[in-house]
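We count ligands from 1, going down the list as the structure has it; atoms in each ligand are counted the same way.
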Amino acid sequence: MAYFQESIETMERGALRELQSRKLKEVVRRVYDTVPAYRVKMDEAGVRPEDIKGLEDLTRLPFTVKHDLRENYPFGFVSADMSQITRIHASSGTTGKLTVACYTKKDVDDWADMFARCLVMAGADKNSKVHVAYGYGLFTGGLGAHYGAERLGAAAIPVSSGNTARQISLLKDFQSDIICCTPSYAIYIADELEKFGVKKEELGLKAGVFGAEPWTEEMRRQIEEKLGIKAYDIYGLSEIMGPGVSMECEAQCGKHIWEDHFIAEIIDPNTLEPLPYGTVGELVLTTISKEGMPLIRYRTRDLCSLIPDKCSCGRTHVRMTRVIGRSDDMLIIRGVNVFPSQIESALLNIHELQPFYQIIVDRVNMLDTMELQVEMSEALSKAEDEVRLAVKSLAEKEVGSSIGISAKVTLLRPGSLPRSEGKAKRVIDNRKY
Ligand code: DLL
């Protein structure tokens, strides 16, 4: 079994908890002394740094939410002296104002280690060539993967996203064995191969490190088949670090969260009470190593559960299941909660449909409506009308039984929908609230 930092990745759980306890105390003291917003929050909650004696006191601490960061835009949550900050990223999200993340040199160093651990899980080593097709910009994806590849001693290829024709010719010419991009961009690249007359066998790819958006097992199957690779799920968010907070090992049964740097909890997003292992709720993360912008009990809004069992790979760090969606991306249609990922699963189980789809929600005569526009395979687009009708009703039936409400499926010709080079925009909600 290959590891990047074996003694940490396989650390005995008792020792890991001890390490977390010690670091938690330090970080709480640090933010109380250096971040006025945390001092206010903790004073309001009636908790002082000396009350935190270890992990068992974690739940006494107040939560941090995105709104706190926006209110203190841009640098209100910085805990280090600005002279120590060596990197600034930001994510735009959907609501406008940027969320800023500041890192010291040590933070960037730790991040590189964590991404290097992730790459090893995907089978990379120092002989690897890592094609980085995450955007570089202010987004954390590109540089996160880049530094991880370099830390491993592999060759980082900073292609960034976009210009798909060039991506394909570089993949072919350089024979990169690892590709890093969003799953929706991976499927786009796979789809374009044919157009450029390139066979998957002509590429040297062995594995992909895909994340930054929710995706499903059905999407994994399609990517693996179309690119002839093993597709791994990687998770992260700018506020906490960027990509590599957690990733799947070769067992592909949940993503190991690097617990020497983060403490993970699952809470009920309504009552805010902690939930036991195995129950789906909102992931809350505390950073225990960061210097630039440590965050205490940060509510990610991402819904998943934690798997504490020992993993066959030998790593001891807790795993998180696939993120089914963000609580703020959940659609409420005719009173029913629906996640786009449930729709993706249902649609992609039908072979005649392609992984390019859009969910259009509207309100007609006071009633919510949902239309699923999905592209047909080449074969289906050339088939008889009756065959298409049969596939359309099958899709409507599958979606209906999966989410519990009816949706109209519209089959589109291949290539009709806009392609994603980064995070896919799946939902168009035309309802006026
Ligand atoms: O998306 C960081 C990243 C880059 C992760 C590349 C993985 C790969 P943000 O732009 O701040 O950072 O968006 C973070 O994206 O809270 C999740 O809702 C979502 N997300 C990230 N990875 C996954 C994943 C990056 N594997 C937000 N599955 C997070 C589902 C994911 N959702």
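- Heavy-atom minimum distance, A165 versus F196: CB-CZ, 3.4 Å.
- Residues L203 and L193 form a side-chain contact, since some pair of their non-hydrogen atoms from C-beta on lies under 4.5 Å apart.
- Closest to atom 19 (C) of ligand 1, if we only count protein heavy atoms, is A212 O, 3.7 Å.
- In summary, the atoms of ligand 1 found under 4.0 Å from a heavy atom of G141, numbered by their order in the structure, are 4 (C), 6 (C).
- A cation-pi arrangement, defined by a distance under 6.0 Å to the six-membered ring centre and an angle within 45 degrees of its axis, is absent between R151 and F4.
- Ranking protein heavy atoms by distance to atom 26 (N) of ligand 1, first place goes to I234 O, 2.6 Å.
- Scanning all protein heavy atoms for the shortest distance to atom 31 (C) of ligand 1 gives E213 N, 3.6 Å.
- In this structure, the protein non-hydrogen atom closest to atom 29 (C) of ligand 1 is D302 OD2, 3.3 Å.
- The side-chain heavy atoms of H256 and C313, taken from C-beta on, include a pair separated by under 4.5 Å.
- Residue-ligand proximity: K423 is placed with a non-hydrogen atom under 4.0 Å from ligand 1.
- The shortest N or O to N or O distance between T300 and ligand 1 is not under 3.5 Å.
- Counting only distance, with no hydrogens or angles, the side chain of S160 and the backbone of Y136 share a donor-acceptor pair below 3.5 Å.
- Atoms of ligand 1 found under 4.0 Å from any heavy atom of D233 (numbered from 1 in listed order, with element): 24 (C), 26 (N).
- Taking each of A145, S246, G236, C118 in turn, the one with a heavy atom nearest to atom 5 (C) of ligand 1 proves to be G236.
- How far NZ of K66 is from NZ of K97: 13.5 Å, rounded to the nearest 0.5 Å.
- The nearest non-hydrogen atom to atom 9 (P) of ligand 1, considering only S238, G244, S327, comes from S238.
- Between E375 and R419, at least one side-chain N (NZ, or NE/NH1/NH2) sits under 4.0 Å from a carboxylate O, which counts as a salt bridge.
- Nearest-heavy-atom check against atom 3 (C) of ligand 1 across G211, A101, P183, P243 picks out P243.
- Contact annotation: for T140 versus ligand 1, heavy atoms closer than 4.0 Å belong to the side chain alone.
- Ligand 1 has no nitrogen or oxygen under 3.5 angstrom from a nitrogen or oxygen of Y134.
- Ionic pairing of E192 and K195 is present here: one or more N-O contacts between side-chain nitrogen and carboxylate oxygen are shorter than 4.0 angstrom.
- Within the 3.5 Å criterion, the main-chain N or O of L138 finds a donor-acceptor partner in the side chain of H89.
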